[in-house]
Amino acid sequence: MRGILVALLVGLSALAACSTTAPTPSTGTPSAEDCISPGQRPSPGDVVCFSGELDEPLEITTGGTDSAPITYLGNGTVVPGIRVDADNVVVDGFVSDGADSTGIWVRGRNITVQNNTITQVNYAGEDVDGIRFFGDGTKILNNRVYELEGSDDVEDSHVDCIQTFATSGPGSSDVVIQGNRCEDIRAQCLMAEGPNDEGGSGEGVSRNWLFDGNYCDSHADAQSVALEDIQDVTISNNEMVGEANKAFALGKGSTGVIVRDNRIGPDYGREVGFDDPSAQEGYQGPPAD
């Protein structure tokens, strides 16, 4: 399906109003004042405002600067998938409904994905994911993923809420995944593989993550959160309501992990398990094996 380049997008049913100053990731949605339309090419600090419904996936290839990201503000706009390939971008307030393979796919530095809803992702020959990300400084905040499977048959696809891997590029460091709701997920709430994992690119590192305050209703047999070759991760304040052998699996090279203050439902065998002895290095948290 042909994507839509934001800089050239036209023909929306209406344009919402919003501020021309993009927020930092922690400040939330811009206030409703002036904005630019999706038919205009944005500059650093602009807010591009949408409304209504898009017939084709939204492709974002124009980003801002470290101090002035470009915000793409959905205002509830329904779109069959979003793909970002740019740095310094905020994607805020869309409904991704009917995407192929991944509801929101992002690659770049300092990308924030916040306040979005993802549902009904179609199987298209690879894994079905709610959100897939690649890049340093990624922030995934306050999104909801529900009724993820849009196809009756997903074959042997892994169906994960949030996923990243580094098989053909560098790792992802300084990542925040916070306040998200993953509802009735067939496989994992989070699947994360770094560049020195088996089959990884060997480029760079995945380090310094926060996985905090998320609601995880996921049902893989082994675990709900799997880390492989991700270092210095804090896993805190999450509500784990699914079922698995363990809530959090720490694999090869996942050193320096801190696990604290999570609420673990009765259908988990234990909170933490080491899938490789190397994960014991620097570990702080409840007893694990």
Side-chain angles (χ1 to χ4, degrees), residues 96 102-104 113-121 127-133 138-150 154 156-165 175-193 209-230 232-252 254-277 279-280 282-289:
S96 175
T102 304
I104 299 178
V113 178
Q114 63 183 20
N115 305 321
N116 302 286
T117 298
I118 298 101
T119 189
Q120 296 294 297
V121 175
D127 286 350
V128 171
D129 293 326
I131 300 170
R132 195 177 296 178
F133 71 93
T138 300
K139 294 179 174 59
I140 300 174
L141 311 173
N142 303 318
N143 303 282
R144 181 191 180 200
V145 180
Y146 78 103
E147 294 182 3
L148 180 54
E149 298 175 42
V154 298
D156 60 352
S157 169
H158 290 182
V159 181
D160 297 324
C161 185
I162 303 169
Q163 187 185 64
T164 189
F165 47 86
V175 169
V176 178
I177 302 171
Q178 190 171 46
N180 302 284
R181 287 187 63 89
C182 298
E183 301 176 16
D184 194 21
I185 305 300
R186 181 193 297 258
Q188 294 159 125
C189 187
L190 171 65
M191 177 65 202
E193 299 173 337
W209 286 31
L210 175 66
F211 186 78
D212 177 81
N214 302 287
Y215 176 92
C216 290
D217 176 15
S218 53
H219 300 271
D221 291 338
Q223 68 274 317
S224 290
V225 172
L227 303 181
E228 298 181 14
D229 188 46
I230 315 290
D232 302 329
V233 180
T234 297
I235 300 172
S236 56
N237 302 304
N238 300 288
E239 186 174 359
M240 311 300 292
V241 302
E243 56 185 342
N245 180 270
K246 49 192 173 290
F248 310 115
L250 309 183
K252 184 178 180 180
S254 290
T255 59
V257 174
I258 298 171
V259 178
R260 65 186 182 212
D261 301 325
N262 298 286
R263 298 178 297 282
I264 308 300
D267 294 324
Y268 289 96
R270 60 193 190 279
E271 184 168 358
V272 182
F274 296 137
D275 283 359
D276 187 271
Q280 300 179 50
Y283 171 75
Q284 300 177 48
D289 54 25

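In what follows, residues are counted from 1 in the order of the sequence shown. Since this is a predicted model, take the numbers as computed values, not measurements.
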How long is the straight-line distance from [atom2] of [Y] back to [atom1] of [X], given to the nearest 0.5 Å?
X	Y	atom1	atom2	result
Met191	Asp160	CE	CG	7.5 Å
Asn245	Asp267	CG	CG	12.5 Å
Arg263	Glu239	CZ	CD	5.0 Å
Asp127	Thr102	CG	OG1	8.5 Å
Ile185	Ser218	CD1	OG	7.5 Å
Leu190	Leu227	CG	CG	6.0 Å

Is any side-chain heavy atom of [X] closer than 4.5 Å to a side-chain heavy atom of [Y]?
X	Y	result
Ile235	Ile258	no
Glu271	Val259	yes
Phe133	Ile177	yes
Val145	Asn180	no
Asn115	Leu141	no
Ile264	Phe248	yes
Asn214	Ile162	no
Tyr215	Met240	no

query: In terms of side-chain geometry, is the basic nitrogen of Asp275 or Lys246 positioned less than 4.0 Å from the acidic oxygen of its partner?
result: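 Salt bridge: yes.
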Under 3.5 Å: donor-acceptor pair, side chain of [X], backbone of [Y]:
X	Y	result
Asn143	Thr117	no
Ser254	Ile230	yes
Asp129	Cys161	no
Ser96	Ile118	no
Thr164	Ala192	no
Asp276	Lys252	no
Ser236	Asp261	no

If every non-hydrogen atom of [X] is compared with every non-hydrogen atom of [Y], which pair is closest and at what distance?
X	Y	answer
Val121	Gly103	CG2-N, 3.7 Å
Ala244	Ser224	CB-N, 4.3 Å
Gln188	Ala226	OE1-CB, 3.4 Å

- prompt: Between the side chains of Asp221 and His219, is a donor N or O closer than 3.5 angstrom to an acceptor N or O?
  reply: no
query: Are the gamma sulfurs of Cys216 and Cys189 separated by less than 2.5 Å?
result: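 Judged by the SG atoms alone, which are under 2.5 Å apart, Cys189 and Cys216 are bridged.
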- prompt: Mind checking whether Tyr283 and Phe274 have ring centres under 6.0 Å apart?
  reply: yes
Candidates Asn262, Asn238, Asn237, Thr234 - the one meeting side chain to side chain donor-acceptor pair (under 3.5 Å) with Asp212: Asn237
- request: Step by step, work out the side-chain contact (heavy atoms from CB on, under 4.5 Å) result for Leu148 and Thr119.
  value: CA-CA 5 Å; Leu148 180 54; Thr119 189; over 6 Å; no
Ring-face cation contact, Tyr146 with Arg144, 6.0 Å cut, 45° max: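 The answer is yes; both the distance and angle limits are met.
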task: Evaluate side-chain contact (heavy atoms from CB on, under 4.5 Å) for Gln178 paired with Leu210, printing each intermediate quantity in order.
output: CA-CA 7 Å; Gln178 190 171 46; Leu210 175 66; 4.0 Å; yes
